[in-house]
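Reading through the structure tokens given below for one structure.
The chains referred to below are lettered A, B, ... by the order of the sequence lines, with proteins before strands, and numbering in each begins at 1.
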Amino acid sequence: MSWYIFLVISHIIGTVLGAGGATMSDFIFFKSIEDGKINRTEFGFLKMASAVVWAGFIILVFSGFGFLILYRVVAPELGLLYDPKLWAKLSVVGVILLNGLVMHWKVFPLLKSRVDKPLTSSEFINRSPIVFTTGAISIISWYTALILGGWRGLDLPYSTIIGAYLLAISGGIVVANIFGRYLIEKMRSKNR
Amino acid sequence: MTSLFQNLLIWHILLGLGGTAFFIAALVVMLRDKLRLKALKTHTLLGAMGIIGSWIAGGYYYTNYYGKAVKPLIKASDYPWAHKVIMETKEHIFLFLPILGLTAVLTVWLSGDLLEKEPKLRKATALLILTIALLGVAIALMGVGVSGAVGQGV
């Protein structure tokens, strides 16, 4: 197996774990809060999904820099490192990293503090936008990375790709917050 | 490029990336409610080792190969600023990154339990680790920028 094939496979595995982990994480979260609270097992599953996403992220970044080494050392004349798609992917990966850090800083401690407690409390409702927002950013960013990686021959300027990405992120945040608030309101009316 | 310089460049990238990844992992540990001191010590130590290793490999490559063989290519390309701006910035940040890394290691290893008891110390250490992680990411991106310019100059 050549280094190139090894890197392609690793890159695909990293993206699949990241996108798959982010999808599962959102799915588990919305499924978990259906009964109005998150129990210890559900929180454990969320943490497990987060670990899978981090593993995917690390594999993705290292295999990505493996490509950098390959292009720089073996074939610098290809000039692929100034491809706008590559810089768009790097930007998306940067957003994934920052969003992941915010999740560990704000979201997981918040969810941990609400384990086995009703999510309809005003304390959680006030702080819930960060949960829905980071969830939306995570899943949209991972699928953007997946699409950019898979879309051979995509020839658009950096600003167009990032503009479309930011538009998708903005729409995702709005939808996630509306849907999340709807679920909380549904839980509240059920508890009344 | 001889295999020695190829290897030095590869190790420079891998160790730098590994070092940055360990400092990001250390940052994740710092952000959690309960501080896992053992993990924090391991992450910062491995992170600093990675950065110092990258510094040595990159330093030797830079002083013995880059100036003679790579710099002229970049300057002759359409992107001479990749050396004048990016590489010069990268070079200067890279000079103090190992010092910051060692400071983080010493703070974590010598403070021990104090990190849990003193919120101000914990916050300051977290900020130091965040700075190292951000500079590591920035330097990695600058490296991609410089390498890209080499491709344009070939």
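- In this structure, B/Leu95 is not a member of the same hydrophobic cluster as B/Ile99, with clusters built from ILVMFWY side-chain heavy atoms closer than 4.5 Å.
- Within 6.0 Å of atom OH in B/Tyr65, more than 12 heavy atoms from other residues, nucleotides or ligands are found, so the atom counts as buried in its surroundings.
- When all heavy atoms are compared, the tightest approach of B/Leu14 to A/Phe62 is O-CE2, 4.4 Å.
- Counting heavy-atom neighbours within 6.0 Å of B/Phe96 CZ, excluding the residue itself, gives a total above 12.
- A/Ile125 and A/Ile178 fall into different hydrophobic clusters, defined by Ile, Leu, Val, Met, Phe, Trp and Tyr side-chain heavy atoms under 4.5 Å apart, directly or through other members.
- Contacts between B/Leu27 and chain A at a heavy-atom distance below 4.5 Å involve the side chain alone, from C-beta outward.
- Residues B/Ile13 and A/Leu68 form a side-chain contact, since some pair of their non-hydrogen atoms from C-beta on lies under 4.5 Å apart.
- Under a cut-off of 6.0 angstrom, the local environment of OH in A/Tyr158 is crowded, with over 12 non-hydrogen atoms contributed by other residues, nucleotides or ligands.
- The part of B/Val70 that comes within reach of chain A is its side chain, from C-beta onward, which places non-hydrogen atoms under 4.5 angstrom from that chain.
- Using a 4.5 Å cut-off between side-chain heavy atoms of Ile, Leu, Val, Met, Phe, Trp and Tyr, with links allowed through other members, A/Ile5 and A/Leu70 fall into the same hydrophobic cluster.
- In this structure, chain A has heavy atoms under 4.5 Å from both the backbone and the side chain of B/Ala140.
- Within 6.0 Å of CH2 on B/Trp11 lie no more than 12 heavy atoms contributed by other residues, nucleotides or ligands.
- By the rule that hydrophobic residues join a cluster once side-chain heavy atoms approach within less than 4.5 Å of another member, B/Leu127 and B/Leu106 end up as members of separate clusters.
- B/Leu31 and B/Leu121 fall within the same hydrophobic cluster, defined by Ile, Leu, Val, Met, Phe, Trp and Tyr side-chain heavy atoms under 4.5 Å apart, directly or through other members.
- Residues of residues 87-111 of chain A having a heavy atom under 4.5 Å from any heavy atom of chain B, listed by number: A/Trp87, A/Leu90, A/Leu97, A/Leu101, A/His104, A/Trp105, A/Pro109.
- Proximity to chain A involves both the backbone and the side chain of B/Val144, based on heavy atoms less than 4.5 angstrom apart.
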